[in-house]
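Since the structure comes first, as structure tokens, the remarks are kept for the end.
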Amino acid sequence: ELCWHVIQGNLKVDVAASLLADVMVNIETGCLEEKHKRDHFTQLVGACLICVPDGMLKERLDPETLESLGLIKQAQQFNQKIVYECRSDQDEFFIPLIKSYMCEHQTLCHMLGFKFKFHQEPNGETPSSLYHIAAALLQHNLIALEDLYVHLLPLDSSIVEEHKRAILEAKQIARKLTMVLVPSEKTEDKEKEKEKEEEKNEKPPDNQKLGLLEALLRIGDWQHAQSIMDQMPAFYATSHKDIAIALCQLLHLIVEPLYRRAAVPKGAKGRLMMPLWNKQAPRPAESFDDLSRDVFTMLCYLGPHLSHDPILFAKIVRLGKSFMKEYQSESRQDTKDKMDSLLSCFLSIADQVLLPSLSLMECNACMSEELWGFFKLFPYQHRYRLYGQWKNETYGNHPLLVKIKAQTVDRAKYIMKRLTKENVKPSGRQIGKLSHSNPTILFDYILSQIQWYDNLITPVVDSLKYLTSLNYDVLAYCIIEALANPEKEKMKHDDTTISSWLQSLASLCGAVFRKYPIELAGLLQYVTNQLKAGKSFDLLILKEVVQKMAGIEITDEMTVEQLEAMTGGEQLKAEGGYFGQIRNTKKSSQRLKDALLDHELALPLCLLMAQQRNGVVFSEGGEKHLKLVGKLYDQCHDTLVQFGGFLASNLSTEDYIKRVPSVDVLCNQFHTPHDAAFFLSRPMYAHQILSKYDELKKAEKGNRQQQKVHKYIAACEQIMAPVHEAVVSLHLPRVWDDLRPQFYATFWSLTMYDLAVPHNAYDREVNKLKMQIKAIDENTEMPLNKKKKEKERCTALQDKLQEEEKKQLEHVQRVLHRLKLEKDNWLLAKSTKNETITKFLQLCIFPRCVFSAIDAVYCARFVELVHQQKTPNFCTLLCYDRVFSDIIYTVASCTENESRRYGRFLCCMLETVTRWHSDRAIYEKECGNYPGFLTIFRASGFDGGNKADQLDYENFRHVVHKWHYKLTKASVHCLETGEYTHIRNILIVLTKILPWYPKVLNLGQALECRVHKICQEEKEKRPDLYALAMGYSGQLKGRKVHMVPENEFHQKEQPVRSATPGTLQNGPGNTGKPAAAASAGKAEEGAVEDSDKSKDKSQAAQKTASKNSTAASKVSSSNGSSTPNSKEKDDKEKTTKEKKEKKEKNPGSTPEAKAGGKDKQKEEKPTDSKEKTPKADKDKRKDDKKEEKSKIDGKSAEKEWSKERDVSNDSKTKEGSKVEKNAGAGSMKSLVPRSEGAESEREQKRRKLDTHSSPSHCSLCTSFLLSLPVGDHLFSKPSSSFRVTHWSLRGGLWSPAVVGEQWGEFGILWTIFFFFFWEMYFFNRCQIFKRNFQGLAKILNSSTCFDFAFTC
């Protein structure tokens, strides 16, 4: 009937089973007395075991029946079982019952202890109900944990040993994974062993302490659970999954109310969790302050094993995110202080729990992104601190993490071995999957590989597209950590170049930060900190980042077309100014700008780079190789130029003006060099002028061009007036006696964009775009929509270029009009033109021409512009002469990149000079009636009416030839010094000026000879010099077809045998030209010409000697014709000329014989090179003195001579004589080809002469002439009226014109002086002259105004 009711559905199965059990109980009571009935009953129950549960039978049947049924082992032992254990879920009933019938605590504890001891058999398993009863009794304080803990196994010492053993095993596994094993069989065996070990670990022995701990956590008794966990090693308990899950469940219940209130994302529902009914359980958290009560402590005990519950992981992260938003919005100080402690707690949780747990999660990209949502609210300093702890500390504290680290490295090796350009996509996915959990380990290995193999950079960068945002941030940290590695040397072992690993990382930085949205603040701050510490190596990183992200490329190897494009607007620069046109830089450059502005790093970086340029030389470069110091200086300077260009083109006017101070503040307060200060402030002034101009245009509406120009000039005056006042403090007051602050500020504030419009560059780029449009139309394979899009892009770009050209044209016209109005007030007439040119070159041209390639062009064009504007008191001729005359010191003091810029400057200057030299009509048009070509050097206005004072075309050609000779001499000197810097720099300069120099065949041959010698000498010793020399030699040979003989370059006049004093006078009133105005440059040219001819050709030598002697006689006559006692000197002059004419007529005379001055030497015939040497030296001394007489730029060497004069006054006369003799012999010695026989002796002499300060500052006469005051008294007393009114140029020679009326009270001194002056030039008594000259200097030493410049 019962079964029928179940079948009908009237009864449920469990109810029927319960009824059946009751029936059996009722039957059992009638069967206990008779044995056969009991046996039948037992059989019946045994048959019903299938349908009746064992637990129900154990509750209702007699223990003896249960024993006979086999459901229990012993009936007696079953009778002793506590009833509570069977109903462990009925805590509410049994706990009060036990309390009401309470026995002693110790008795209850011993009973539980006895039951735990019973289950401690080798294969015994303690039932969960017993753990639950013990946990409940502990929670209600019915027993003490200390009393029960001693009954539990295993012992604490065994647990500690087990933990240590686990760490050792993990390290061994990690070591095995990193070992290289070749045989495959060994690998298989080891894998089997590893699997066996894992199987052992899967079946741990019964741990009663952990079982009790789990039970405590499940009922919410955190206090006792914490006590048990404190007895064990860190994270030992939670390393067991059941414990970790139980603790996670407890955390769920505690944080649930706060999570639902503050952290649930919009749209998310989630699953509600029922709280614990246990009153002794921890209270749920209602606010963030409640988290510090239990939650943070529980999480710290949980550690990396939060990975078992990703949902709880996400909840904690979201709670942290919500807290950070409240923290950032909080403004009250008292609340802020409380929240600071919570912030530190969240940081600790992130360090100890979140990041380690992420390492144990397998490929969970969602958790990584969730965590980044929390981390991105921290400043990068906090984040990088967390990443550093994660990478360097966390993985060594946990056995599981040790294994994970080894496995990650092993997997990373596998991927990197197979990474190529062809499999970037699949390899990138593998890298992304591996990086979600352990990015620090993966990136550390990848960066180590890139440092060794730079060809991995491109495929690695392409494969990083599958990373999460957190991974990108970790990558930035790993890069900075690799850059700051103190164990790595940033120089190569030769100490001359930057290490390749640093260059590889810098390239990676540029590529990665451009392509992916990675925060730049940390990297920029790192570079700033390195600069603060005086280290400039890492500027390479900033250079790469700016180049890749902003598309601004810095190189001195620009072509002429690129350089021309760089003088245009921003669009033209982007299209034609760089080698690699890096497109789509708008977003990346915006990110870079935002990072600089948000962290206030723009100006500090500029100032630190500007200051570090000198720091590289004087502070950082003390023990470094000169070559490395030069490279670091160039890197620092180039990065400054690049970074400043980025700021100027990307910052708005307001941002730039707000951050960049004025020039005087930059120079005086921040100690920024003047060139860098103007470079930084130049865009600011341009922005301000344009803003003011637009403001004036809006205020007064007028479209006439003249009105616009006046408004522009008014805007310039308003903006630049404070600048003119500010620059006065940059230099000493005497500087402004020659240059006006207005001129100085104008020079430094303008750029090539302001001076000329590169029409050719604009046309070139527009034509390229037209060709692209044509190619797109002809391309039949391209889809129509793509065709349309590309054509629209090209057309829009074309329109932008044309609009930009038009805008620049209008701007240049306004600027030129402004300069035309300002030019009359640029240069003052207070001192000589020589002084004016000196200060102009020193303070304006030379500092800026080596600043950048475009500045080098600007300097040359500015000089030409000042000349074209007919600026008063500006001597163009003297300016060019000072630039070309002696370039040795400038070249020797340049770095490699500076020498390229200096060479480009000289090239532009030579281009202008060559254009004037090429055609008389051009010269007459551009120079003929210009004040810059006046031969009167007095500082006065230009009347423009006296043709005699203008340099004519033929004399200008002589001067140009002299400049070419000077360049040749300086180049040969640098090539023969043997110094690495001299040779490298002069070869770079010569390569740059090759289009315009050399033009004269014999000068080119002289250079070719010296360069060929460099190629032979440096082939094995210094390969970089050999490469430079070979490159220049090949180009020089290719230019030979464009060279001309000397007589075609300039008209070589025949020497005049005699001349009257009247024809040689040189004054403003003399309209006649000298009969033969042969320059000293001609004498020098002859010497160079001889160096390229065979020594056996005596006719060439005779010709050179004749030219030298004639030039010397004419120079002497010209300079001495105006003295009152000229009759005696004229007699001496005629006598000297007659003697020299006789020497010229003598067919056997040679330069050596003529230089000797003795008949015995004339009769001797040269037998070998050793006998020739002393005669040649004397001849070269004589030639050198004649060559020095034509030197125009005496002022550039005046300070050097003054220093040498002071030294010579304290030295012995004999020592001075030796130095002068060596200098005179060595100045031209290098230009003469040497025979093989005398090579060793001459080589030793040359090495000694290379240390001389200058090969061209040895002529006493030139020193005196160029130190004479122009337009001023030679003595301070008014009675001495001897005056040199001005200097004039005749045939390439500078000579004094009208010389004063009377001798004055010092006439006897002048008589003595001129006596020795003529003695030196006509009788070649150099040593006698020098001794007497020194004596004369001692007599006149008391007169400070008497400035004798002599070289000893």
Side-chain angles (χ1 to χ4, degrees), residues 567 663 678 681-682 684-728 736-757 807-830 833 836-837 839-840 843-845 848 858-876 879 925-927 929-934 939-944:
T567 64
V663 172
F678 276 105
S681 57
R682 195 177 298 136
M684 177 175 63
Y685 299 140
H687 288 322
Q688 289 177 330
I689 289 173
L690 288 177
S691 300
K692 196 69 177 177
Y693 174 59
D694 293 336
E695 182 182 331
L696 293 175
K697 281 199 303 182
K698 292 177 182 177
E700 299 179 12
K701 295 183 179 179
N703 296 325
R704 298 175 64 181
Q705 183 66 25
Q706 194 67 19
Q707 291 179 347
K708 290 182 179 180
V709 170
H710 287 308
K711 289 174 184 176
Y712 178 78
I713 294 171
C716 292
E717 290 175 352
Q718 293 182 30
I719 299 301
M720 297 303 293
V723 182
H724 298 160
E725 297 175 4
V727 298
V728 174
W736 309 117
D737 293 342
D738 300 300
L739 302 179
R740 284 285 301 276
Q742 183 185 19
F743 175 71
Y744 182 80
T746 300
F747 172 83
W748 281 104
S749 62
L750 296 179
T751 62
M752 273 303 295
Y753 180 84
D754 305 308
L755 299 186
V757 182
K807 183 180 177 182
Q808 186 179 1
L809 181 61
E810 295 175 356
H811 175 74
V812 169
Q813 290 173 351
R814 292 194 298 265
V815 172
L816 293 180
H817 192 82
R818 165 197 163 190
L819 298 181
K820 189 175 181 181
L821 295 177
E822 291 180 359
K823 67 180 177 63
D824 293 334
N825 299 320
W826 277 351
L827 304 176
L828 301 176
K830 291 186 179 181
K833 293 182 181 179
T836 302
I837 294 300
K839 290 174 183 175
F840 174 59
L843 303 179
C844 298
I845 294 296
R848 189 165 180 182
Y858 168 81
C859 289
R861 295 294 174 249
F862 189 84
V863 172
E864 186 179 359
L865 177 66
V866 174
H867 164 74
Q868 291 172 350
Q869 296 279 357
K870 296 186 177 181
T871 305
N873 300 318
F874 181 80
C875 183
T876 311
C879 180
K925 178 183 177 182
E926 300 184 10
C927 309
N929 198 28
Y930 282 71
F933 278 76
L934 274 177
S940 60
F942 172 59
D943 53 9

Between [X] and [Y], what is the shortest heavy-atom contact and its length?
X	Y	result
H724	P741	O-CB, 3.5 Å
C875	I837	O-CD1, 3.6 Å
L827	T836	CD2-CG2, 3.9 Å
V728	W736	O-NE1, 3.3 Å
Y930	K870	CD2-CG, 3.5 Å
I845	C859	O-SG, 3.7 Å

Gap separating the [atom1] atom of [X] from the [atom2] atom of [Y], nearest 0.5 angstrom:
X	Y	atom1	atom2	value
K692	E717	NZ	CD	12.5 Å
E926	E864	CD	CD	7.0 Å
Q718	Q688	CD	CD	11.5 Å
L865	R861	CG	CZ	11.0 Å
M684	I689	CE	CD1	10.5 Å

| query | Backbone N or O of A756 within a donor-acceptor pair of the Q808 side chain at under 3.5 Å? | reply | yes
| Under 3.5 Å, side chain of T567 to main-chain N/O of M752, donor-acceptor pair present? |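 Not a single qualifying donor-acceptor pair exists.
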| Partners passing salt bridge (charged side-chain N to carboxylate O under 4.0 Å, His left out) against E725 (at least two apart in sequence or in another chain) | none
| field | From CA spacing to verdict: side-chain contact (heavy atoms from CB on, under 4.5 Å), L821, I713 | value | CA-CA 9 Å; L821 295 177; I713 294 171; 3.3 Å; yes
| said: Among residues at least two apart in sequence or on other chains, which ones pass side chain to side chain donor-acceptor pair (under 3.5 Å) with E695? | reply: none
| message | Please enumerate all residues that pass side chain to side chain donor-acceptor pair (under 3.5 Å) together with K823, with sequence neighbours excluded. | response | none
| said: If the condition is ring-ring contact (aromatic ring centres under 6.0 Å, His included), which residues does Y753 pass it with, not counting sequence neighbours? | reply: H811
| query | Taking the side chain as C-beta and beyond, is there a heavy-atom pair between Y693 and I719 under 4.5 Å? | reply |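 Result no, sub-4.5 Å side-chain heavy-atom pair not found.
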| query | Under a 4.5 Å cut-off applied to non-hydrogen side-chain atoms, are R848 and F862 in contact? | reply |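 Contact flag for R848/F862 side chains = no.
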Report the residues that fulfil side-chain contact (heavy atoms from CB on, under 4.5 Å) with [X], sequence neighbours left out, ordered by chain and then residue number.
X	answer
L750	T746, D754, L755, V815, R818, L819, Y858
D694	K697
C844	Y744, F747, W748, F840
T876	H867, F874, Y880, W916, F933

| request: Take the angle between the ring planes of H710 and H817 and call it parallel below 30°, perpendicular above 60°, tilted in between. | output: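 H710 vs H817 ring planes: perpendicular.
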| request: Walk me through it: do V863 and C879 pass the test side-chain contact (heavy atoms from CB on, under 4.5 Å)? | output: CA-CA 8 Å; V863 172; C879 180; 4.0 Å; yes
| field | Check against side-chain contact (heavy atoms from CB on, under 4.5 Å), R740 and W826 | value | CA-CA 5 Å; R740 284 285 301 276; W826 277 351; 5.6 Å; no
